[in-house]
There are 2 protein chains.
Amino acid sequence: MAEKELHTEDKIIDAAREVFVEKGMAGARMQEIADKAGINKSLLHYYFRSKEKLFDAILSQVIGGIGSMFGTMMQEGVSIENKVKLFVDTYIEVFQLNPFLPNFILNEITRNPDGFIELFSRSSIEPQKFFEPLDKQLKLEGYSIHPHDFIINTLSMTIYPVAVKPILKRFLFDGDEQQYNAYINSRKESVYTFIMNALSGYKI
Amino acid sequence: MAEKELHTEDKIIDAAREVFVEKGMAGARMQEIADKAGINKSLLHYYFRSKEKLFDAILSQVIGGIGSMFGTMMQEGVSIENKVKLFVDTYIEVFQLNPFLPNFILNEITRNPDGFIELFSRSSIEPQKFFEPLDKQLKLEGYSIHPHDFIINTLSMTIYPVAVKPILKRFLFDGDEQQYNAYINSRKESVYTFIMNALSGYKI
DNA sequence: GTCTATACGGCGATAGAC
DNA sequence: GTCTATCGCCGTATAGAC
């Protein structure tokens, strides 16, 4: 049973994720997915009836992956300081490893908001599950900032710099990939500091 | 000479901007642009040789618009406090009026970074022109934060919430557009406060 | 399950009349 | 400058052999 070869369906999923995440629904080509999976174009339709269905499968998977991290990080009882540290570290890491991910999600949210929300709802992710513990913890530690602002500001600062990678790389680091990566890494520390500095202004 | 009717070329530009900004290069259709401009599809090719050329015209225009704001806001001699206020106010306003703009730019940066950088370079925008005064002012007022971090964090927090509008609208405000807009408006104040709170932690 | 061949429609682009 | 008609390609999807 120990096969080295992935089954066809898995090969398709892997290839499709790569192409869809990089190019988006409109930009992706079934041919490119087939080539990357090392199979024939018509096999794609054999396993998944249409491009749309294949895309949905990928999007669900991506949403699930992102969301599951959210949950574990925002558990009850964890201090704000540790929440921020964990959150920033994890997401910066993930986005650095998958530089097309932020844009893919952002793009899909605008392109087809209803479809995104639909898949998101099916995904067993419950936003309340991390909003409530966060709200509770903020109050407990005496921070008067609204949890919405807190979470949105934090997310913004971790996602944005990756979404504009080519621009930053070019204009801040003269096109040097290493310098850019070093900078993104340094943000694990600096964003954390920035947020904690900000928070101290909300201490009651 | 006082014509009410726009000339054809302007009608095309307006229609094309609307469609391209909403759907992106791959998602946009020449037919839709023609319909929106109230003209025939082949006229598009008469004025602009190809879809690509039309797209470039739009992208240049958009880049120019965004960039020119940057410059005026980051003038020398303006206090950090006022820079932040002006910056946040202006950009939140612009993005609220053009909710597809953030995604369009972000998407294009990833899709064709070289093309974007090329057009950006032709646009007479010089990033140094606002980095230097900012750097100077931060030092003058005794803030030890790196200008890169400052500008990226500020940009992040103004752009991101608009780029994920459908999600926020749905999950924070149960789909209510008015509430979402009110929230975005409230961020003019809250982001300013957040940043100034953060900055006070960098005071030497 | 996997391949080859092909149908079918959509889209960018051109030709040519007015 | 603006229109109608049409070309030719490309991309999704299906038919059918193996």
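Here is the naming used below: chain letters follow the sequence lines, and residue numbers restart at 1 for every chain. All figures in this text were calculated on a predicted structure; none of them were measured in a lab.
- From one end of the helix from C:dG1-D:dC18 to C:dC18-D:dG1 to the other, with five pairs defining each end axis, the axis direction shifts by 10° (rounded to 10°).
- Between A:Ile63 and A:Ile125 the shortest side-chain heavy-atom distance falls below 4.5 Å.
- Taking only side-chain nitrogens and oxygens, B:Tyr46 never comes nearer than 4.0 Å to OP1 or OP2 of C:dA13.
- With salt bridges taken as basic N to acidic carboxylate O contacts below 4.0 Å, one links B:Asp149 and A:Arg187.
- At least one side-chain heavy atom of A:Leu101 sits under 4.5 Å from a side-chain heavy atom of A:Ile66.
- Here C:dA15 presents its P atom at 17 Å from CG of B:Leu44, a figure rounded to the nearest Å.
- Taking the six-membered ring for Trp, B:Phe104 and B:Phe100 have ring centres at least 6.0 Å apart.
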| Under 4.0 Å protein heavy-atom contacts per nucleotide of nucleotides 3-18 of chain D, with B for base, S for backbone only and - for none | BB------SBBB----
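- A 4.5 Å side-chain heavy-atom check between A:Tyr180 and A:Leu172 finds every atom pair outside the cut-off.
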| Please walk me through it: do A:Phe55 and A:Phe20 pass ring-ring contact (aromatic ring centres under 6.0 Å, His included)? | CA-CA 7 Å; A:Phe55 181 81; A:Phe20 276 131; 4.9 Å; yes
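- A salt bridge is defined here as a Lys NZ or Arg NE, NH1 or NH2 lying under 4.0 Å from an Asp or Glu carboxylate O, and A:Asp14 with A:Arg17 meets this definition.
- A:Glu132 and A:Lys136 are not joined by a salt bridge, as no carboxylate oxygen comes within less than 4.0 angstrom of a charged side-chain nitrogen.
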